[in-house]
Number of protein chains: 2
Amino acid sequence: MVRSSNERSRRRRDAQRDLILRAAARLFRDRGVADTGMREIAAAADLSPANLYYYFKGKDEILFYCQDRALDSMLAAVAGAKRGRGSVAARLDGVLRTHVSTLLGEVDGASAHLLVDALPPPLRVRIVAKRDRYERAVRGLVAAGVRSGEFATASPALVTRAMLGALNMTVLWFRPDGAASATDVGRELAQYLVRGLHIHSAA
Amino acid sequence: MVRSSNERSRRRRDAQRDLILRAAARLFRDRGVADTGMREIAAAADLSPANLYYYFKGKDEILFYCQDRALDSMLAAVAGAKRGRGSVAARLDGVLRTHVSTLLGEVDGASAHLLVDALPPPLRVRIVAKRDRYERAVRGLVAAGVRSGEFATASPALVTRAMLGALNMTVLWFRPDGAASATDVGRELAQYLVRGLHIHSAA
DNA sequence: TCGAACTTCGAACCACGGTTCAATTGTAAG
DNA sequence: CTTACAATTGAACCGTGGTTCGAAGTTCGA
């Protein structure tokens with residue numbers, strides 16, 4: 001039966017691609033994109049360097065899919081938050097926590113925003129476009145809070161970049177074997193970053 | 001007179017080193033460290049690639065001095081703030097603004113914290129040590145605010161990293177020809193980041 | 001002017017890492 | 001068993017970019 005054979009091989013192929021992407025994402029997060037070689041990725045995924053090129057066109061494409069996956073996860077979170085019904089603060093808090101989980105988690109590809117410029121133009125524009133869409137969505141959430149009177153901010157765009165920047169930098173110092181878990185870090189950071197938006201009377 | 005000759009040549013040498021470091025810092029900030037070649041640095045500093053090796057041992061050393069200079073500038077600011085007499089919030093605000101100015105300014109070397117891992121161990125440990133000293137100083141300022149009752153934070157260490165992270169990420173999106181100047185960005189970011197520390201009653 | 005140093009440079013070197021390729025093994029249908 | 005295709009691999013290729021080298025140019029005191 002030809003059909004089941006194609007189905008099976010396609011599934012195997014996808015599983016291997018997924019395995020490679022996970023291994024690559026982990027290395028990218030731990031040692032940095034530039035300092036991670038194809039030979040290291042191959043070793044981590046238990047196959048030969050040459051075999052990587054049967055599944056991906058090259059290192060660029062691997063990095064591309066890592067970032068693409070991570071962004072999809074974040075976009076889903078922010079899309080859900082947009083439809084939510086709680087306070088804007090609570091919804092934004094959830095988005096930020098998901099952001100950290102995606103970045104630091106083992107499952108999805110990390111190093112999302114960092115080193116986007118390492119990609120060649122064709123792939124870069126696609127990632128940048130998606131990243132901008134995400135940033136705009138988060139900014140929209142902040143702006144919504146301002147409109148509703150929950151938040152007070154002179155420049156939502158700048159503040160949004162500050163929030164995402166603080167979150168993205170976690171990949172540079174976070175260590176899984178540390179005292180704080182990824183969830184802990186996300187909770188604390190989100191709390192602090194959202195607090196800065198709230199209307200308040202200084203003591 | 002031998003003395004004046006040595007003096008003069010030493011001064012010329014230092015001036016050239018400074019010129020090279022400025023050019024390199026600018027390129028590092030604009031195009032990234034990995035994507036900046038020695039040939040580009042040489043072109044920007046108006047001398048041949050080979051001549052760079054008369055002034056520096058290699059690319060690593062150039063990057064090292066860029067980061068070292070930037071950290072000195074930041075350390076000076078935080079040291080001054082520690083001796084200051086105003087509110088902790090005001091002093092911290094000043095430190096953060098200086099941080100942004102140093103990072104985004106034309107004078108000092110940018111790309112301070114980013115890509116520290118690009119250095120070989122011998123140089124890296126020195127930079128990391130100085131960077132940690134700076135981070136500890138900022139964290140001390142935050143802790144001082146908590147002790148004095150100005151601030152309320154569960155984890156000063158985490159919040160400090162968040163602040164510095166938000167600041168450091170500016171080098172990835174800031175453009176000198178944009179609407180907001182480096183000073184503007186520094187002011188807005190510092191305001192937001194310090195606000196998150198303040199004791200407040202949510203609306 | 002002379003000479004010894006400081007400074008500069010063109011050209012080549014060479015290692016590293018992404019990539020390619022021909023050939024081998026594994027798999028499943030006929 | 002055979003055949004066709006998927007999967008895998010060792011070995012080599014090769015462009016990029018940091019680096020080195022020997023010589024030529026420049027400065028400055030004597």
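Residue numbering restarts at 1 for every chain, and letters A, B, ... go by the order of the sequence lines.
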Sidechain N-carboxylate O distance under 4.0 Å for B:R136, B:D132: no

Round to the nearest Å and state the distance from A:I62 atom CD1 to C:dG17 atom C1'. 13 Å

Using whole Å, what does the distance between atom P of nucleotide D:dA6 and atom CG of A:D14 come to? 15 Å

Between atom CG in A:L47 and atom C1' in D:dT9, what is the gap in whole Å? 10 Å

Which letter, B, S or -, goes with each nucleotide of nucleotides 18-27 of chain D from 5' to 3', with contact meaning a protein heavy atom under 4.0 Å? BBBB------

Nucleotide C:dC6, atom P - distance to CZ of B:R17 in whole Å: 15 Å

With a 4.0 Å cut-off, would you call A:E135 and A:R131 a salt bridge? no

How close or far is atom P of C:dT8 from atom CG of B:L19, stated in whole angstroms? 11 Å

Between atom CD1 of A:I41 and atom CZ of A:F28, what is the distance when rounded to the nearest 0.5 Å? 4.0 Å

Kindly say if A:Y54 contacts the phosphate of D:dT8, meaning a side-chain N or O under 4.0 Å from OP1 or OP2. no

Can you tell me if A:Q16 touches the phosphate of D:dA6, counting only side-chain N or O atoms and a distance under 4.0 Å to OP1 or OP2? no

Do B:D68 and B:R126 sit within salt-bridge range, that is, some charged N less than 4.0 Å from a carboxylate O? no

Rounding to 0.5 Å, atoms SG (B:C66) and CZ (B:R26) come to a distance of 13.0 Å

In this structure, how many angstroms lie between the C1' atom of C:dC6 and the CZ atom of B:R11, rounded? 17 Å

Pairs touching residues 75-98 of chain B that satisfy side-chain hydrogen bond (donor to acceptor under 3.5 Å, both in side chains), sequence neighbours left out: B:D93-B:R97

Looking only at side-chain N and O atoms, does B:N51 come under 4.0 Å of OP1 or OP2 in C:dT7? no

May I ask you to decide if the ring planes of A:F151 and A:H198 are parallel, tilted or perpendicular, using 30° and 60° as cut-offs? perpendicular

Distance check needed: C:dG18 P versus A:L52 CG, whole Å only. 10 Å

Would you classify B:Y55 as touching base, sugar-phosphate or nothing, given that sugar-phosphate means primed atoms plus P, OP1 and OP2, and contacts are heavy atoms under 4.0 Å? sugar-phosphate

